[in-house]
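Working notes, structure below.
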There are 2 protein chains.
Amino acid sequence: MAGLTAPLLGLEKKSLREQALSALRTAITSGELEPGRHLVETELSEMLQISRGTLREALRQLEQEGLLSAGPRGRLSVRHLDEKEIRDIYSVRAALESLAARTLCELPDRQQVTDSLHKAVDAMDAAASGTLEERIESDLEFHRTLCRLTGNETLLHSWESLEGSIRMSIMFAGLEKGVRNMSVDRHKDIVAAIDTGDAALARKTILEHMDTAAANLVA
Amino acid sequence: MAGLTAPLLGLEKKSLREQALSALRTAITSGELEPGRHLVETELSEMLQISRGTLREALRQLEQEGLLSAGPRGRLSVRHLDEKEIRDIYSVRAALESLAARTLCELPDRQQVTDSLHKAVDAMDAAASGTLEERIESDLEFHRTLCRLTGNETLLHSWESLEGSIRMSIMFAGLEKGVRNMSVDRHKDIVAAIDTGDAALARKTILEHMDTAAANLVA
DNA sequence: CATAAGTCGACTGTCTACAGTCGGGAGTAG
DNA sequence: CTACTCCCGACTGTAGACAGTCGACTTATG
């Protein structure tokens, strides 16, 4: 007699605000809303079939995620990234993920960690023959997992706040360039480094990975 | 004939949303709104004399800054930090600021940078005899400056997103503990390390500073 | 023809009102 | 006295409307 009407397994219904947030994030990071484009609240609220008030809450969040930039009088537009900004974003990303790698190495029980990471790599492997979007998703999921496994909620939250900017970086560079960074082998190296428990090595591996990744994007 | 009615020098009138944001941030990080306290939108909007819609936009932002935590059915309450979370916050902070230090060392022209940092330290010195709040403000200003001078907007933005959590950490630990980290000398060390241009040394100095800072807070 | 004043339209800022939902207390049956 | 039910009050989710402001276009004037 369970679950007759409502979905039970974590599939909680999302508020309109969250739906709008997802929809807009996708629209922006997919390029459907091209960079520089002015966003008009009345237009968007009509498109998404929600009220302006609800929409504005979502917009504030996107603004703080760095997907939107504010012009005079509160005019919002889709943020435009140049090469320097992409490098900057990846510098911060590298700092966060290298902290994650170091932290994981210092964990008492790394068995479950490496298991989860192996699974994430396997998922990338499985997606390797899929669409570009799928490959990117599985890659980001790997790195998100890296942060999540540390158990440091603040770290995870900071990374997720950056995720939108990361997606924009990839989109800006072009998906074909972004996909250069999805190599399964390189990610296996990361897992292996963490597996050894050598924090310095793990940190170095991540930093190099991010350096290469940034270079691939702006090249 | 200038500035008769309106302030001109960058003192642009802030929107009600921004005013509410500042007021709430201050109220929370000062402990006026004690941790764990449930926030009721209608109450707050009446206190602040603004409409709920406007207030909600500010709340969303505070939520993302980590000052508020969401309960069931959108109930918001002032976030509560335990010792582990404080350590976690400072880990992330350390990662960001060590990136800042490294970045500054690699800058071609560091003259202006060290000048600005010296000024910030001087400000701390001047505040040393002031109230606890003033000392904390000048300390945070120093570290914010550190991030700003890198020219990496993303880094600055990430740090500022964390600032609220940092303030809460200090408040949680108690201002008297927080003030232990305001030593002018220790900050001079940081500036000196950056001055040498030795990225590894600068990074190490910051990491140690943050380690000590976190230890002082949870001790 | 150029410049200045005036007017119109487009958007954001803000407020008020309504609807839906959950928790808790009063009241009642066993 | 306990447990169950039903109703009410408290809040959040969401919508819709009004007001103020700035830019662009038009029109009048030197």
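Lettering follows sequence order; numbering is per chain, from 1.
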#### Entry: Among C/dC11, D/dA15, C/dT14, the one nearest A/V40 by side-chain distance
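Taking heavy atoms from C-beta onward, the closest nucleotide is C/dC11.
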Length of the [atom1]-[atom2] vector between [X] and [N], whole Å:
| X | N | atom1 | atom2 | answer |
| --- | --- | --- | --- | --- |
| A/R73 | D/dG23 | CZ | C1' | 7 Å |
| A/E41 | D/dA15 | CD | C1' | 15 Å |
| B/H38 | C/dG23 | NE2 | C1' | 12 Å |
| B/L76 | D/dT12 | CG | C1' | 10 Å |
| A/L39 | C/dT12 | CG | P | 9 Å |
| B/E46 | D/dT12 | CD | C1' | 16 Å |
| B/R75 | C/dG23 | CZ | P | 8 Å |
| A/L44 | C/dA10 | CG | P | 17 Å |

### Query
Between B/K84 and B/D88, is there a side-chain N and carboxylate O pair less than 4.0 Å apart?
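A salt bridge is present here (some side-chain N lies under 4.0 Å from a carboxylate O).
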### Task
Determine, for B/R148 against B/E153, whether the closest basic-nitrogen to carboxylate-oxygen distance falls under 4.0 angstrom.
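Looking at B/E153 together with B/R148, the answer is no, because their closest N to O distance does not fall below 4.0 Å.
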### Task
Can you label the angle between the A/H209 ring and the A/H143 ring as parallel, tilted or perpendicular, going by 30° and 60°?
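If you compare the ring of A/H209 with that of A/H143, the planes turn out parallel.
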### Task
Classify the angle between the aromatic ring planes of B/H80 and B/F172 as parallel (below 30°), tilted (30 to 60°) or perpendicular (above 60°).
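If you compare the ring of B/H80 with that of B/F172, the planes turn out perpendicular.
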### Query
Per the salt bridge (charged side-chain N to carboxylate O under 4.0 Å, His left out) rule, which among A/R56, A/R60, A/R75 passes with A/E41?
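Between A/E41 and the candidates, salt bridge (charged side-chain N to carboxylate O under 4.0 Å, His left out) is satisfied uniquely by A/R56.
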### Task
Go through residues 48-57 of chain A and report each residue with a non-hydrogen atom lying under 4.0 Å from DNA chain C, sorted by number.
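The stretch gives A/R52, A/R56 as the residues lying under 4.0 Å from the strand, ordered by number.
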### Task
Provide the closest heavy-atom pair for B/C147 versus B/E97 in the form atom of the first, atom of the second, distance.
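What the structure gives for the nearest pair is SG-CG, 4.4 Å.
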